[in-house]
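Whatever order the structure lists them in is the order used to number ligands and atoms, beginning at 1.
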Amino acid sequence: MQENKEEIKRKSQRETTASPNHFIRKLVSEDLKKVAQGGHLVTRFPPEPNGYLHIGHAKSICLNFELAREFEGRCHMRFDDTNPSSETAEYVSSILEDVRWLGYDWGEHLYNASDQFPPLYDLAIKLIQLELAYVCDLSSEEIFQKRGTLTEPGENSPYRDRSIEENLTLFEQMKAGAFAPGKRVLRAKIDMASSILPMRDPILYRIVDTPHHRTGRDWSIYPMYDFAHCLTDALEGVTHSFCTLEFTDHRPLYDWLLEKLDFHDPPKQTEFARLNLSHTVLSKRILKQLVERGHVSGWDDPRMPTISGLRRRGYTPKSIRDFCEGIGVAKRDSTIQMARLEFSVREHLNSAAPRAMAVLNPLKVIITNYPEASVEKITAINNPEDELQGTREVPFTREIWIEREDFLENPPKKFFRLAPGREVRLRYAYLVTCQNVLKNADGEITEVHCTYDPETRGGNAPDGRRVKGTIHWVSTSHAHDAEIRLFDVLFNVEDPMTSDPNSDFTAHLNPGSVEILKQAKLEPSLMESEGEQTFQFERMGYFIKDRDSTAERSVWNRTVTLRDTWAKTQTKAGRKI
Ligand code: ATP
Ligand code: MG
């Protein structure tokens, strides 16, 4: 399986070096050479505050903020808060926190579409005055029915030719709350026969009877995405508006509105492929259902592909940025394998994470010839990849815990760990030889008795004899109990949304996405861990302390395994990685 890792590494390196030339970067670079643009780049990240951000948003965040940094422009943080029924202040603050955590700073450029409701309203009035918008009394079903299809033109609304005065009066009344939701809408007057569906008299404003998290009940009418987005871009002075491919058909409308409303040097919309990640879903709407139906513990459940979930899982901001840079920006949709994301965090943590020893499934070892009251301080290296991280002292005693899977009573030939009569190295400490095992009434091994060679302190034999296996350990009298949560993918199919169109996506939830180990034993230095520090538990993977920890008992999440064991099992199961 080394191949998989190497292949991913090669791909990642290739795309990292190729990424400076992705088509959006080229386009920006060309545009900035044009005098008309003033050589200035202004981008924006425009989330709708209707859920927590996910790794797909991270791709957009990195693209917009990194381009602004590279071309010495700026990136606006803007809430596209035009739909009060699904938006909340909680989502707003989580989004700001996540973008900041990823390492980006919008400075003073924090905006809300709702700040622009007054000028947007004035622009709608202007469109009416230009005879380019009208109030339509059709219901949403009727509008939909009369819209036509890709092969047939739509039908003009009977309200299309209302006079300017009548439209102004009705629109004013809509704003004043005179009508119930759905009774009337404001539509652009473009072309019901256009080959582009969004140009068939799209709705610009609708009536909504729900208080807005910022403007309360000030407004009874709310602009639609297509109307608000291009205009807030323009009002903020954005030069480049990057969005995902599903908006390609909306670009003519984006340009039409800016042209008719007489914006000079208007922003330019460019579409790129959204991020799709295997074995998960990247849609706030679906993620919200997972939360609401209790399939996960919350938006920040460590199995969720949300920024807050990945953070709680132990991902670092750098690993997410590297991932986004590595996958590049393309014009065609594709699906990135989960193994690729795991590769990025493993790469970063290998150099950054301090090492520690922890036993997940403990088995007691008694070193029978070791003095009973003795506690030795053994020096351990904090990070072999980074000398600056120094060393620490780990207490060694007569009784220790080792990993249950590191002992086999009847080992196969290539098992280099502990077995009757076999000698093994205890990491940083001594060579020990297994002399005996004790079992309970059920035949389970309860204790392993070993002898140690006092001449081998540090783990090397002075006579140069070869000992292949090295295992980790924790002193029983110094160990701290912990609960460990091991995670697997949330869905057991690559694309839960399309794998089986007849079934509910929850049918593909992986019932084994979390495994809890309650008996883990940690080396004492881990108790000093503060803040968001991911550790490498030697031989076991990367782990971070969870906020469910209490003073008595700590809880740890496994971020990722050391090697790509997940990819291995997936390949075995016949899935490509
Ligand atoms: P969702 O379906 O998850 O709600 P969305 O596109 O509706 O996604 P927004 O809050 O409107 O979410 O998105 C903010 C920005 O993030 C937009 O510019 C959008 O294009 C971008 N974005 C959202 N999902 C992805 C993705 N999977 N890959 C890349 N960019 C994305
Ligand atoms: Mg959306």
* Verify, without hydrogens or angle tests, whether Arg206 (side chain) and Pro181 (backbone) share a donor-acceptor contact under 3.5 angstrom. =>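 No, the answer is negative, given that no donor and acceptor are paired below the 3.5 Å cut-off.
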* Is the backbone N or O of Arg312 less than 3.5 Å from a side-chain atom of Asn557, with the two atoms forming a donor-acceptor pair by type? ->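 Yes, because the side chain of Asn557 sits within donor-acceptor range (under 3.5 Å) of the backbone of Arg312.
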Should you measure from each heavy atom of [X], which atoms of ligand 1 turn up under 4.0 Å away?
X	answer
Phe45	14 (C), 15 (C), 16 (O)
Pro47	10 (O), 14 (C)
Thr244	20 (O), 29 (C), 30 (N), 31 (C)

* For the pair Asp255 and Lys268, find out whether any cationic side-chain nitrogen is under 4.0 Å from an anionic carboxylate oxygen. =>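 So Asp255 does not pair with Lys268 through a salt bridge.
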* Within 45 degrees of the axis of the six-membered ring of Phe23 and under 6.0 Å from its centre: does Lys331 put its NZ or CZ there? ->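 Yes, cation above the ring, under 6.0 Å and within 45°.
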* **Ring-face cation of Arg78 near Tyr111 (centre distance under 6.0 Å, axis angle within 45°)** =>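 No cation-pi geometry.
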Output yes when the distance from some N or O of ligand 1 to some N or O of [X] is under 3.5 Å, and no in every other case.
X	result
Ala273	no
Glu48	yes
Lys284	yes
Leu275	yes
Arg285	no

* Would you mind finding which of His54, His229, Glu271 brings a heavy atom closest to atom 24 (N) of ligand 1? =>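 Nearest option to atom 24 (N) of ligand 1, by heavy atoms: His54.
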* Asked: For ligand 1, is Phe247 a contact, meaning one of its heavy atoms is under 4.0 Å away?
  ->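 Under 4.0 Å: no for Phe247.
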* Can you list the residues that meet the salt bridge (Lys or Arg N to Asp or Glu O under 4.0 Å) rule with Glu155, with sequence neighbours excluded? ->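 Listed in chain order: Lys146.
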* Locate the shortest heavy-atom distance separating Pro252 from Asp249; write the atom from each residue and the value. =>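 Scanning both residues, the minimum pair turns out to be CD-O, 3.4 Å.
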